[in-house]
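Letters A, B, ... are given to chains in the order of the sequence lines, protein chains preceding strands, and every chain is numbered from 1. These values consider heavy atoms only, across backbone and side chains, with no hydrogens, waters or symmetry-generated copies. Remember, predicted model here, so these are calculated numbers, not experimental data.
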Amino acid sequence: MLTLLEQLDKGVLWQSPGGIHPPQFKTLSNQSAIARLPLAKRFVVPVPLVGEQATLTVSVGDTVLKGQVLTEGSGFTYLPVHAPTSGKIVAIEQHATNHPSSLPTLSCIIESDGQDTWCELTTSNLAQLSKAEILGKIKQAGIAGMGGAAFPSHVKLNPASEIDLVIINGIECEPYITSDDRLMRDHSDEIIAGVAIIHHLLSPQRIIIAIEDNKPEAAHAMKAAISRSSLPQDMVRVTVIPTKYPSGGEKQLIQIITGKEVPSGAIPAQLGIVVHNVGTAYAIQDAIYHGKPLIERVVTLTGEHIGHPGNYWIPIGTTVADTLQSVSFTTSIDQKVIVGGPMMGYALADLDVPILKGTNCLLVPSPNEIAPDVDEKACIRCGECAVACPALLLPQQLFWHSKAQEYDKAASFNLKDCIECGCCSYVCPSDIPLVEYYRVAKSALKTAAEEKRQAEQAKIRFEARLKRLEDEKNAREAKAKEAAAKRQANMKASDKDAVAAAMARIAAKKAQTESHVNSEEASSSVAPTAADPKKAAVNAAIERAKAKKAAQANTSSVPVATNNAEDDKKAMIAAAVARAKAKKAAQETNATSPQESEPTTVTAIDDKQARVAAAVAKAKAKKAAQETSTTSSQESEPTTVTAIDDKQARVALAVAKAKAKKAAQEASTTSPQESEPTTVTAIDDKQARVALAVAKAKAKKASQEASTTSPQESEPTTVTAIDDKQARVALTVAKAKAKKAALQHVTQQDDAGLASPIADTATLNELHILPTENKLAEQPADCSDQKPGADLSPEQIKKAKVAAAIAKAKAKKLAQNAEQEEQ
Amino acid sequence: MTSIFIAVAVLTLLALVFGVILGFASKKFKVEGNPVVDQVEALLPQTQCGQCGYPGCRPYAEAIANGDHINKCPPGGTATMEKIAELMGVDEEPLNAQAQSAVKKVAYIREDECIGCTKCIQACPVDAILGAGKLMHTVIAKDCTGCDLCVEPCPVDCIDMIPVETTIQNWDWKLNTIPVKVIHSEQEETAC
């Protein structure tokens, strides 16, 4: 019994199950040496990993050189992308890609400058590099498997387990493709140099270059190259295997060469075997010895509709359309362009897609090369497919379950081991496109698995959230409990003290009353002076309040709401005058000199002047009060007085506002009885809006007054800020009320059966309020800032926006409610 | 006469023995919880959306195990309902919620309009919304289950449910994608 190595050396071959012998069309394209095509103008370089594992190192408008790296990233399977030629990046956008779906993926569009200038290349000597450095260089060159799957090569060159056997795959079993054939004939020495690098990295016991017997020239060239190379002659050999499709499949090839079957779900490395394509070997030596990244590959352009079929070096990123143009292809009705071979390839939906690292063939067949689409007939259970299947599956069972969409049953028949070689479809007498059914089933299974994974993830997150909420609740409870305990403890400690303190207070009070009675006569001369300013202030406030009330009475008695604004203004003026007078009175009582301000106050017509005057007067009154109080006694506190005044004024204003609102509301609620409902709504809205605006203005004014009256106090801005806030709150409340009024109106109208149009108008009107409100809100805010001419600060704008958003939301809710009621 | 006594005695003895065995087995091999609940829960889509009226998928699974209707899961759609019907051995029922499109969606917050109210964060059952008070919020798209629960609480209506984009990764192979057929038999003859 010979060992495996001895058998390998003797070239013993095993049988792989199944397989077919399709007609060969290799001579169409393998007659001439690999040529080059004129450089295309435009290149599409997909960068699918950007956003996941990688970032772009270039931006639109950048000039790039040939071989310049476009992305950088990390991750074990990350591969950099390089510019295929020198030129300018004109766009980075979603572009259809070379995939059966033709779905767009992020791509760099490079416009060639025609120079094809290389970037700086670093050549190196294999002997000076460590294995890690070699692997790094292979990775940086972006080398992926050239056989079609485009798996990152550096991963396969750095296996976890020991590798005994390396198979270099030069089988190329697809009927049309000859790119590896030509590469082996034309560049055998380079391929062997690449094989030497693989040998250096993996140190296997044997390296076998497998070539099908329909490529005798290639086998001959490789044998010659091995004898020329410095590789140990006894460990590298070319094994010629009989032509059969699909011998080029990784698992099938391993079975033919070694007789071992790769278990389901395992990779060849677990058997100590690695398979590399000849194209990959070529790319590896190019990367190590010349420093060139993988930016071009040999592509077979074949089919009877191509003028000059053959193999060409095509830069990766050249579009299929450009490529076909330069080999003068003719087109027919319903022309198909197939990427890959006729057995495993896919037809392109869009020709403006790039050539990728795994694109080994473009097939443009004429109608007599490819059978017309025939209708699929019923499966007759002949079992031909089971004989042809190289993976020893039961295709008709898989088909049965896939067609019935019982994907889990299909999975139980090892659907995942199907290599989609197409042998079953080829032999099927009923023309059933079996592989397509398997692809559909596979992607459905993949989706289901992904959904399951996501559901699992969601469940974990949901449970984590529940736990978090529970924890938070517990923490809150514990905290509350702790606080309660603390409080109780404190109370216990201070209980006695509190009782004692209370007793002491009572005693002190008693003593004080006694002493007070004794000294009453003595202090009586001081007391009236102290009380005077206080009294004056109180009087002024009362008077002001009365003035307000009068103004309000005026407003509410006038039923026509359009007059409201005017009335309000009048009332305001009156109020201002009254206030000023009150102040004056106060001043007079305090025996200061108010004569200067008198004429202006009287003659003041516009309320601004009045306000300024009032403010000045007030300020003076305050000052006087302050002075009096400081001189007379320490008991009276001027700031408190001012504060009280302000507060009163504000309260009065608020009351006035509320009343104005109520009036507006009443007007709107009563108006439905009047004739035209829609117009009334509009008017009501308008009224409400006007009232609202007035109210807002008042609120602002109040805040302004407050800020003007308080110059003596230390922090005027703080006060203004607080006032602003209050004013805004009032404003929102007012707005809400106006909304409610409008809504009420709408609901009443609904009963009349005129619902939807009015509801719409109402919403619309409410929405129309927005800009006005914004403006109004901004203007007074500006004034209160006491910075005339200054622009609105971004903060204010933001606040206004937030208010607008809230108002919008409310309007929405109202509209919704209205609709619901209507239903 | 004695034979009757013997028969009764033997049967009584047997009943006692089996009674002891059953009693022991019920203690020893007791199953915690209802295993059907786990099976039903595995079928539910785990969006935790609460559209069934229960706070999450597991409570609904428990309700189904206790005989609730199986048609209350709009995210799962008819497919899930059919699977549950099969598992529970009950008749299929049409979904009672409005016809839900099978398209998977994720929430998207229009970030310019977000006012930072945190209401959507509180509504999200899987904590897939990121943000803080008065700061912009955003959805972690890969963790979003598309349950819709954040849309309603948003006061400024800045959340959209957008369908998940089809990419090369999640693209489904459809039949007749490749209308390529094998080489014609005439060619075969000429080539051979």
Contact class of B/P45 relative to chain A, heavy atoms under 4.5 angstrom: backbone
Electrostatic pair B/K105:B/D148 at N-O distance under 4.0 angstrom: no
Contact leader toward chain A among B/P125, B/P55, B/G116, B/C57, where contacts are heavy-atom pairs under 4.5 Å: B/P125
Per-residue contact mode, A/K446 against chain B (heavy atom under 4.5 angstrom): side chain
Any donor-acceptor N or O pair under 3.5 Å, side chains A/S29, A/T178: yes
Contact winner vs chain A - B/A128, B/C124, B/C154, heavy-atom pairs under 4.5 Å: B/C124
Pairwise side-chain contact, B/V40 with B/E62, heavy-atom cut-off 4.5 Å (strictly under): no
Residue A/T27 versus chain B: region with a heavy atom under 4.5 Å: neither
Residue B/C117 versus chain A: region with a heavy atom under 4.5 Å: neither
Structural part of B/C144 lying under 4.5 Å from a heavy atom of chain A: neither
A/S443, A/P395, A/P433, A/S425 screened by side chain to side chain contact (heavy atoms under 4.5 Å, CB included) with A/Y438, the one that passes: A/P395
Salt-bridge present (A/K459, A/E456; N to O < 4.0 Å): no
Contact class of B/E41 relative to chain A, heavy atoms under 4.5 angstrom: side chain
Top contributor to chain A interface from B/T145, B/D143, B/T47, B/L44 [non-hydrogen pairs under 4.5 Å]: B/D143
Test item: A/F399 and A/I432 side chains (from C-beta on) under 4.5 Å apart, heavy atoms: yes
Check: B/C114 main-chain N/O paired with B/H137 side-chain donor or acceptor under 3.5 Å: no
